[in-house]
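In listed order, ligands and their atoms are each counted from 1.
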Amino acid sequence: MKHLAGIIGSPVAHSLSPVFQQAAFGACGLDAEYQRWETTPAVLPARVASLREARCLGANVTIPYKEQVIPLIDELGGQSARVGAVNTIVNRGGRLFGFNTDGPGFIAALRDEASFDVAGTDVLLSGAGGAARGIAFALAEAGAARIAIWNRTASRAARLAADVAGEARGEVVSLPAPPSEARYDLVVQTTSIGMEGGPDPTGVAAGLDGARQSALAVDIVYAPEDTPFLQAARRRGLRTLGGLPMLIHQGALAFELFTGVHAPLEVMFDAARQELARRSAGAAR
Ligand code: ATR
């Protein structure tokens, strides 16, 4: 029986997940196909129900459905209940289990690609949207000493800080203005500023003034791979990490939940990079 998995969202036409998940199935010799499931709100319940079929391994879930799928599945695993968002649904014998691998993928990317250990560090999160939520909970679980959240809309930062504070051993605060004191060990840019096709592709999100000279600056935007924020961080002499490692690591954790097979990270990185290069060559023509 050929197995099936896919990505549920809208739009999913440009998602990289089908590219690197299919490459991983191939590299591991698994007879499985990963599909793009463009989904309207009206068909979301039927799409999720179809994951119960025996041939279906599960699905990734992306914008705008990470919260809306929760009432449609049977159990929540990992941090997904606390985060309030599911990015991975796994079919186990007709029961659907929801997980959130965004935060754990972020922590894995920091560890594996930048040798950065979050425990005991002072962290600045720039942005308080859906992506920031998963990351904030994962930073708290990983033992950050202090998490400060700055966002254009202050109420969102305050709400996220209050939600995470209940889970954290360290301090969690929202900031009334971008930081000016260079005290942070890790600065994470989670807004859509700098994103190709986003609201402000040439902008640099606030936050770098808070970075210590030894800090790691991370942008979770992966298209382009080298963002204006990363370029600005390098000009200040900071170490940087782009968004592709987080994307691949969250996908690798989802792949392992789907298949029980160790994810071939290098294959997934190569497939994603080739696709991004192909797209930017296409865009340049
Ligand atoms: P995602 O799930 O990708 O995080 P989101 O929930 O829409 O998407 O969040 C987008 C984030 O980018 C928010 O922090 C948003 O700030 P607001 O809460 O003030 O909207 C931030 N953002 C987007 N465009 C921005 C801009 N031009 N300037 C500052 N922040 C911006």
- Considering heavy atoms of the protein only, find what lies nearest to atom 19 (O) of ligand 1 and give residue, atom and distance to 0.1 Å. Thr153 OG1, 2.5 Å

- Could you give the distance from CZ (Arg36) to NE2 (His14), rounded to the nearest 0.5 Å? 8.5 Å

- Message: Side chains of Thr227 and Asp219: any donor to acceptor distance under 3.5 Å?
- Response: yes

- Query: Does a salt bridge link Lys66 with Asp102, judged by any charged N lying under 4.0 Å from a carboxylate O?
  - Reply: yes

- Query: When clusters are formed by joining ILVMFWY residues with side-chain heavy atoms under 4.5 Å apart, either directly or through shared neighbours, do Leu244 and Leu241 land in the same one?
  - Reply: no

- If every non-hydrogen atom of Leu186 is compared with every non-hydrogen atom of Ala215, which pair is closest and at what distance? N-CB, 4.5 Å

- Message: If the cut-off is 4.0 Å to any non-hydrogen atom of Gly130, which atoms of ligand 1 fall inside it?
- Response: 1 (P), 2 (O), 4 (O), 6 (O)

- Arg146 and Asp185 ion-paired at < 4.0 Å: no

- Item | Nearest protein heavy atom with distance in Å, relative to atom 27 (N) of ligand 1 | Arg152 NH1, 3.5 Å

- Message: Considering both backbone and side-chain atoms of Asp200, is one of its nitrogen or oxygen atoms within less than 3.5 Å of a nitrogen or oxygen in ligand 1?
- Response: no

- Would you mind running through ligand 1 and noting each atom that sits below 4.0 Å from a heavy atom of Gly127? 14 (O)

- Message: Give me the residue, atom name and distance of the protein heavy atom closest to atom 9 (O) of ligand 1.
- Response: Gly129 CA, 3.4 Å

- Query: Do other residues, nucleotides or ligands put more than 12 heavy atoms under 6.0 Å from the CD atom of Glu167?
  - Reply: yes

- Query: Is any N or O atom of Ala131, backbone or side chain, closer than 3.5 Å to an N or O atom of ligand 1?
  - Reply: yes

- Quick note on ligand 1: atoms under 4.0 Å from a heavy atom of Thr191 include exactly 11 (C), 12 (O), 21 (C), 22 (N)

- Message: Same cluster or not: Val218 versus Ile193, using hydrophobic residues (I, L, V, M, F, W, Y) connected whenever any side-chain heavy atoms lie under 4.5 Å apart?
- Response: no

- Query: Can Arg92 and Asp74 be counted as an ion pair, charged N to O under 4.0 angstrom?
  - Reply: no

- Atom indices of ligand 1, in the order listed, that fall short of 4.0 Å to a heavy atom of Ser192: 12 (O), 23 (C), 24 (N)

- Note on the structure: Residue, atom and distance of the protein heavy atom nearest atom 3 (O) of ligand 1 read Ile63 CD1, 4.1 Å

- Task: May I ask you to list the atoms of ligand 1 that are less than 4.0 angstrom from any heavy atom of Ile193?
- Result: 25 (C), 26 (C), 28 (N), 29 (C), 30 (N)

- Query: What part of Asn151, side chain from CB on, backbone N/CA/C/O, both or neither, has a heavy atom under 4.0 Å from ligand 1?
  - Reply: side chain

- So the atoms of ligand 1 within less than 4.0 Å of a heavy atom of Pro199 turn out to be 24 (N)

- Query: Does Arg156, backbone or side chain, put an N or O under 3.5 Å from an N or O of ligand 1?
  - Reply: yes

- Item | Numbering as shown, the atoms of ligand 1 that approach Ala128 to under 4.0 Å (heavy-atom distance) | 14 (O)

- Are the side chain of Gln21 and the backbone N or O of Ala252 linked by a donor-acceptor pair below 3.5 Å? no

